[in-house]
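Reviewing the structure listed below.
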Amino acid sequence: MKVIKAMSYADLSKKAAIVMAAQIIRNPKSVLGFATGSTPLGAYAELARMFADGAVDFSGIVSFNLDEYYGLAAAHPQSYHYYMRQNLFSHVNINPDNIRIPNGVAVDPEQECAEYEQSIQDAGGIDFQLLGIGRNGHIGFNEPGEIFTDKTHLTYLASDTLSANSRFFGPGEKMPTQAISMGIGTIMRAKSILLIASGADKADALSKMINGPVTPQMPASALQYHRDAIVMYCD
Ligand code: PGA
C-alpha cells in the first residue's frame, strides 16, 4: 500500500479528486466504485468543480456504489441513492443508466446481492474503487468479524457503526440495522483502490490497517494484499 499524508481535509479532498479525475481522463469508460459518508464529500465537490471547468467528462463512466442501507428507498434522504444524487451525480454528466447502487428495498435481498455482484462482473469489474474507513476498520459495511466476506451480501451493522452513523438520522427517524454491501472480495477485485480518511477518530483504525496483522477483525487490513492501493489521510 502507498500511504500519503495530506496537509488538511481540503488538501485530502483535492488530491483524492485529482486521482479520480486522472482515472477518468486515462480511461473515459472507467468502471468506478463510489463510497458515501462524510469523508468523500469534499472530493465529490472538487470533482463537480472539475466537471464545471470542463476538465473531466463523466459521460462514459459506469458506477457502482459500495453499499446501501437495507430498508431505505432511493428517495429517503438518508439513503445512499439520495446522497450520491445530491453530492455528485446531479452535478456531473454521468448517464443515469450507468449508475448502480444496491436496491435497499429489494423484496428478495439475496437475489439483489447476486445480481449486483453479477452486474459488476458483466461491466468488466471495477477499475477504481474509492473507500472510506469506519472507526472500527470497516470498509463498505464489512464489519469486523470471523471471516473476510467475498461477495455482495446482506449484513448487520456493527454497534459502533450504528452509533457513528446515527448522527445522520433525526430524532424519531428509524435507522436501519442492516445493509447490502459489496464484500471484501468484491473490493479486492477492483484494479485500483483509494482509501481516504480524515480526523483523529480514524487514527487507530488506520494504524492497525496499515501496520497490524491482516485479519477480518480489522476488515481494511485486507488492503495490505492489494496490488494497487493508496491510503490517503489527514489529521
Ligand atoms: P465517514 O464514514 O466518512 O462518515 O467517517 C466512513 C465509513 O464508515 O466508511
Side-chain angles (χ1 to χ4, degrees), residues 1 6 8-17 19-20 32-47 64-70 72 77-84 86-88 101-102 104 126 128-145 148-149 152-153 155-170 173 175-184 186-188 190 193-210 216-223 226 229-235:
M1 282 185 301
S8 62
Y9 179 70
D11 184 46
L12 174 79
S13 301
K14 203 167 281 182
K15 285 183 162 67
V19 172
M20 285 190 274
L32 300 182
F34 287 120
T36 50
S38 313
T39 314
L41 288 172
Y44 291 154
E46 288 289 341
L47 274 178
F64 287 91
N65 261 73
L66 274 173
D67 46 23
E68 178 58 286
Y69 287 114
Y70 185 57
L72 296 193
Q78 297 312 327
S79 75
Y80 292 156
H81 281 79
Y82 192 95
Y83 171 106
M84 289 307 299
Q86 285 288 108
N87 296 306
L88 184 63
I101 304 176
I126 294 169
F128 177 95
Q129 178 68 53
L130 181 67
L131 297 174
I133 182 171
R135 292 181 309 202
N136 65 358
H138 76 192
I139 46 178
F141 279 125
N142 293 284
E143 305 287 19
F148 285 119
T149 55
T152 303
H153 58 288
T155 183
Y156 281 94
L157 308 187
S159 57
D160 191 73
T161 302
L162 288 169
S163 63
N165 289 11
S166 63
R167 70 189 193 275
F168 297 114
F169 290 80
E173 229 179 350
M175 185 182 169
T177 55
Q178 284 180 282
I180 292 176
S181 176
M182 287 184 193
I184 293 291
T186 324
I187 293 168
M188 289 295 282
I193 292 177
L194 172 62
L195 183 147
I196 53 175
S198 158
D201 61 335
K202 300 290 175 67
D204 184 54
L206 271 184
S207 118
K208 286 181 177 146
M209 79 160 279
I210 295 166
Q217 298 295 343
M218 176 50 56
S221 66
L223 300 180
H226 196 278
I230 300 175
V231 177
M232 210 184 268
Y233 74 100
C234 65
D235 290 335

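Order of appearance sets the numbers: ligands from 1, and atoms from 1 within every ligand.
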*Just need the protein heavy atom nearest to atom 6 (C) of ligand 1, so name the residue and atom and give the distance.*
Ile133 O, 3.5 Å
*Atom indices of ligand 1 within 4.0 angstrom of Gly37 heavy atoms, with elements*: 3 (O), 4 (O)
*So which protein heavy atom does atom 3 (O) of ligand 1 come closest to, and at what separation?*
Thr39 OG1, 2.4 Å
*Spell out, as yes or no, whether a donor-acceptor pair under 3.5 Å connects the side chain of Gln129 to the backbone of Leu32.*
no
*Evaluate the criterion ring-ring contact (aromatic ring centres under 6.0 Å, His included) for residue pair Phe34 and Tyr44; output intermediate values, then yes/no.*
CA-CA 10 Å; Phe34 287 120; Tyr44 291 154; 5.7 Å; yes
*asked:* Applying a heavy-atom cut-off of 4.0 Å, say which part of Thr161 lies close to ligand 1: side chain, backbone, both or neither.
replied: neither
*In the protein, what heavy atom is nearest to atom 8 (O) of ligand 1, and what distance, to one decimal place, separates them?*
His138 NE2, 2.7 Å
_Tell me whether Lys202 at atom NZ has more than 12 heavy atoms from other residues, nucleotides or ligands lying less than 6.0 Å away._
yes
_Between ligand 1 and Lys202, can you find any atom pair, the residue atom being a heavy atom, that is separated by under 4.0 Å?_
yes
*asked:* Test your reading of the model: is there a side-chain donor-acceptor pair from Tyr83 to the backbone of Leu88, 3.5 Å cut-off?
replied: no
_Contact atoms of ligand 1, heavy-atom distance to Gly132 under 4.0 Å_ = 9 (O)
_Side chains of Tyr69 and Asn165, donor plus acceptor under 3.5 Å_ = yes
*Ignoring hydrogens and angles, tell me if any N or O in the side chain of Glu143 forms a donor-acceptor pair with the backbone of Tyr156 under 3.5 Å.*
no
*Can you list the atoms of ligand 1 that are under 4.0 Å from a heavy atom of Arg167?*
4 (O)
*asked:* Between Asp67 (side chain only) and Met182 (backbone N and O only), is there a donor and an acceptor less than 3.5 Å apart?
replied: no
*Which residue holds the protein heavy atom closest to atom 4 (O) of ligand 1, what is that atom called, and what is the gap in Å?*
Ser38 N, 2.8 Å
